[in-house]
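Below, all heavy atoms of this structure are taken into account, side chains as well, without hydrogens, waters or symmetry copies. In what follows, chains carry the letters A, B, and so on, assigned in the order in which the sequence lines appear, proteins first and then strands, with residues in each chain numbered from 1.
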Amino acid sequence: AIIYNSLIKGFCELGNMQEADRIFKEMSEIGLVPNEITYTTLIDGCCKKGSLQDAHKLYVEMVKKGLTPDKFTYGILVHQYWKEGELVNLFKLLDEMGEKGLSLDTATYNTIIHGICNTGNMQEASHLLKVMIDKKYTPNHVTYSTIIDGYCKAGNMQYASMYLKEMLDKGLMPNTITYTVLIDGYSKQDNMVEALRLFDEMIDKGIAPDAIIYSVLINAHCKRGNLKEASKLCKEMYEKGMVPVSGTYDALICGCCNEGRMTDAVKLLDEMAKGGAVPGVSTYNLLIHGFCKQGNMEEACRLLTEMMNRDLIPNDTTYNYMIDGYNKVGNTDEVNKISNKMAEMKLVAD
RNA sequence: CGGCAGGACUA
């Protein structure tokens, strides 16, 4: 059953729920009994696909079979109900948990704290952290990273670093993610000195940087027009044997586009392919935006076709850039054509 | 064998 559970998890991660379901059925056929973990894994898969109905069906099915949903099962469901804003169902679930004598565990608290942070109400979020501690739950590094991220996004770096201190005082180790949110916060407050200091501190502590933290720094440098520093970091990344992701290049390409260096930007797109990174919709959006701003609609068009040839689906941002560009060169025919196309695809033009 | 936190396009 363990092997089957792992297989199911694998397919869920790929978003291939049909295959996961097939394995689930196959399991029963050969006489293996799915357990709590099998169901919980499948429920998680459904939630990540956004089909809360299927998840709930599985939940009912597992209860009917006499299996007991545990803190994982509830944690996953709480996460999804919150995300979908289904507060009525969420409270039903919490009541049910109460009846069974299950209380929220740290991960589920983290989920809720994250949800509150996203509403921007940091008082409420840190209040919940206090409640959690009062109830003798131990906040972990995820809890603190979540709170710190909330304060960083609110631009409140004092509180962010205060919570970092609190975290350290409790003997919790910050990790790459903790540093990423802080560095991102400081660089967005235009405090590169502190951002870079934290980066050094992290390296000193032996915490390994990853592709995301590099793209945060690269992006910060690019936004301030410091392309030299940005490409230096890009090289450093390579040297550390890190696999570049499209986001890393996006930052650099963004920097080039903002300076109107479109030739360099296109060069980066090629380089990216060679490095094994896959350009995403946002990558093309950056380039298309760059060319549209310059009124170079031939290139913009070329990239639009290229992206579709790569099975990337242009979104509303893409088309709005194109409209903007054609407006700039006074080509109303094309503007109308694209507007109609967008309407057909139910995309919003602005 | 299962759940929670981080970056990039939005003119």
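Under the side chain to side chain donor-acceptor pair (under 3.5 Å) criterion, no residue pair touches residues 286-297 of chain A, with sequence neighbours excluded.
For A/Q189, there are no side-chain hydrogen bond (donor to acceptor under 3.5 Å, both in side chains) partners at least two apart in sequence or on another chain. Legend: residues meeting ring-ring contact (aromatic ring centres under 6.0 Å, His included) with A/Y326, ordered by chain and number and at least two apart, are absent. Scanning for side-chain hydrogen bond (donor to acceptor under 3.5 Å, both in side chains) contacts around A/S215 gives an empty result, with sequence neighbours left out. Partners of A/Y137 by ring-ring contact (aromatic ring centres under 6.0 Å, His included), not counting sequence neighbours, listed by chain and number: A/Y109. Residues satisfying the side-chain contact (heavy atoms from CB on, under 4.5 Å) test with A/Y159, not counting sequence neighbours, are A/Y151, A/N156, A/M162, A/Y163.
Residues A/D95 and A/K92 are not paired through a salt bridge, judged by the lack of any N-O separation under 4.0 Å between the basic side chain and the carboxylate.
If you check every strand for non-hydrogen atoms under 4.0 Å, A/T40 touches a base.
Residues from residues 104-128 of chain A placing a heavy atom under 4.0 Å of any atom in RNA chain B, listed by number, are A/D105, A/A107, A/T108, A/N110, A/T111, A/H114. Of all the residues in residues 152-171 of chain A, A/K153 reach under 4.0 Å from RNA chain B with at least one non-hydrogen atom. Listed by residue number, the members of residues 46-65 of chain A with any heavy atom below 4.0 angstrom from RNA chain B are A/K48. Within residues 174-195 of chain A, the residues approaching RNA chain B are A/N175, A/T176, A/I177, A/T180, A/V181, A/D184, A/K188, by heavy-atom distance under 4.0 Å. For the segment residues 8-38 of chain A, the set of residues with a heavy atom within less than 4.0 Å of an atom of RNA chain B comprises A/K9, A/I37, in numerical order.
One atom, NE2 of A/H289, and another, C1' of B/A8, lie 15 Å apart when rounded to the nearest Å. Note: NZ (A/K83) to P (B/A5) measures 9 Å, nearest angstrom. Rounded to an integer number of Å, the gap from A/I323 CD1 to B/C9 C1' is 16 Å. Taking atom CG of A/D316 as the reference point, atom P of B/C9 lies 15 Å away to the nearest angstrom. In this structure, CD of A/Q294 is placed 15 Å from C1' of B/A11, rounded to the nearest angstrom.
Between the base of B/G7 and the side chain of A/S215 there is a donor-acceptor pair shorter than 3.5 Å.
Listed nucleotides: B/G3, B/C9, B/G7. Nearest to the side chain of A/N285: B/C9. Listed nucleotides B/G6, B/A11, B/C1 differ in distance to A/D324; the shortest reach to its side chain belongs to B/A11. You'll find that the side chain of A/D149 is closest to B/A5, out of B/C1, B/A5, B/C9.
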Is there a side chain to side chain contact (heavy atoms under 4.5 Å, CB included) between A/L286 and A/T283 once you walk through the steps? CA-CA 5 Å; A/L286 281 165; A/T283 317; 5.5 Å; no
For residues 7-18 of chain A, run the donor-acceptor check on the side chains, cut-off 3.5 Å, and write out each pair with its distance to 0.1 Å, sequence neighbours left out.
unit_1	atom_1	unit_2	atom_2	d
A/K9	NZ	A/E13	OE2	2.5
A/N16	OD1	A/E19	N	3.1

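Close placement of the A/Y39 and A/F24 rings is indicated, their centers lying within 6.0 Å of each other.
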